[in-house]
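Computed from a predicted structure; not experimentally measured.
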Amino acid sequence: MQSTWSEIGSNHHPYENAGLIIGGLCRWGVLIWAILLIPVVWLEYLLTNLFKKIHNNFEGIKRIFLCLITLVIIAIMLILFIRIILLIIMALIQ
């Protein structure tokens, strides 16, 4: 059965609407990418807290070096997050 996003919500049966949504998301693998975003967001949060602790607890060269390393890791994770979001958006637009 071929369905479009506009059909979702047009009927009043919640199980059929949920089936259409899950079927549409699984068709492009968007559901898997969206589930992958959950640990990425938590990792980004934990890295940000680590950066704050490093900034508050260390002094001098050690502080600069550790902050720089955590900022590079945070930037890499942020780029990964943005790419996954763009992949999801492009799949839903098609």
Side-chain angles (χ1 to χ4, degrees):
M1 179 176 137
Q2 193 73 358
S3 59
T4 61
W5 292 108
S6 62
E7 292 177 15
I8 298 172
S10 63
N11 55 8
H12 298 291
H13 199 273
Y15 291 123
E16 188 172 345
N17 287 335
L20 286 172
I21 291 171
I22 292 172
L25 293 176
C26 287
R27 183 177 303 146
W28 295 291
V30 173
L31 184 63
I32 294 167
W33 285 109
I35 291 171
L36 179 67
L37 281 179
I38 296 169
V40 170
V41 170
W42 275 105
L43 187 60
E44 193 76 34
Y45 171 75
L46 293 174
L47 285 170
T48 305
N49 282 343
L50 178 67
F51 176 77
K52 288 179 191 176
K53 286 182 182 180
I54 288 172
H55 191 270
N56 291 334
N57 293 336
F58 293 104
E59 295 293 328
I61 293 290
K62 192 174 189 179
R63 175 186 194 173
I64 294 171
F65 181 70
L66 291 174
C67 284
L68 186 64
I69 289 174
T70 55
L71 281 176
V72 168
I73 295 171
I74 288 171
I76 290 170
M77 293 303 296
L78 193 60
I79 291 170
L80 176 68
F81 178 77
I82 291 170
R83 285 186 174 211
I84 292 173
I85 291 291
L86 287 175
L87 177 74
I88 291 171
I89 290 170
M90 294 307 262
L92 291 176
I93 290 175
Q94 287 183 355

ask   = Any salt bridge (Lys or Arg N to Asp or Glu O under 4.0 Å) pairs touching residues 62-72, not counting sequence neighbours?
value = E59-R63
note = For Y45, the other hydrophobic cluster members (4.5 Å side-chain criterion, sorted by chain and number) are I38, W42, L46
task = Report whether L87 and I76 are members of the same hydrophobic cluster (ILVMFWY, side-chain heavy atoms less than 4.5 Å apart, transitive linking).
result = no
key: Set of side chain to side chain contact (heavy atoms under 4.5 Å, CB included) partners for F65, sequence neighbours left out   = I69
query = About how many Å separate CG of L66 and CD1 of I54, when rounded to the nearest 0.5 Å?
reply = 5.0 Å
ask   = Going by side-chain heavy atoms closer than 4.5 Å, which hydrophobic residues are tied to I61, directly or by a chain of links?
value = none
request  = With sequence neighbours excluded, give me every salt bridge (Lys or Arg N to Asp or Glu O under 4.0 Å) pair touching residues 42-53.
outcome  = none
message = Please determine whether residues L47 and I85 belong to a single hydrophobic cluster, defined as Ile, Leu, Val, Met, Phe, Trp and Tyr linked transitively by side-chain heavy-atom distances below 4.5 Å.
response = yes
note = Residues at least two apart in sequence or cross-chain that pass side chain to side chain contact (heavy atoms under 4.5 Å, CB included) with L80, listed by chain then number, are V40, M77, I84
note = When rounded to the nearest 0.5 Å, the distance separating CD1 of I74 from CG of L50 is 7.5 Å
task = Starting at CG of L68, measure out to CG of L71 and round the result to the nearest 0.5 Å.
result = 6.5 Å
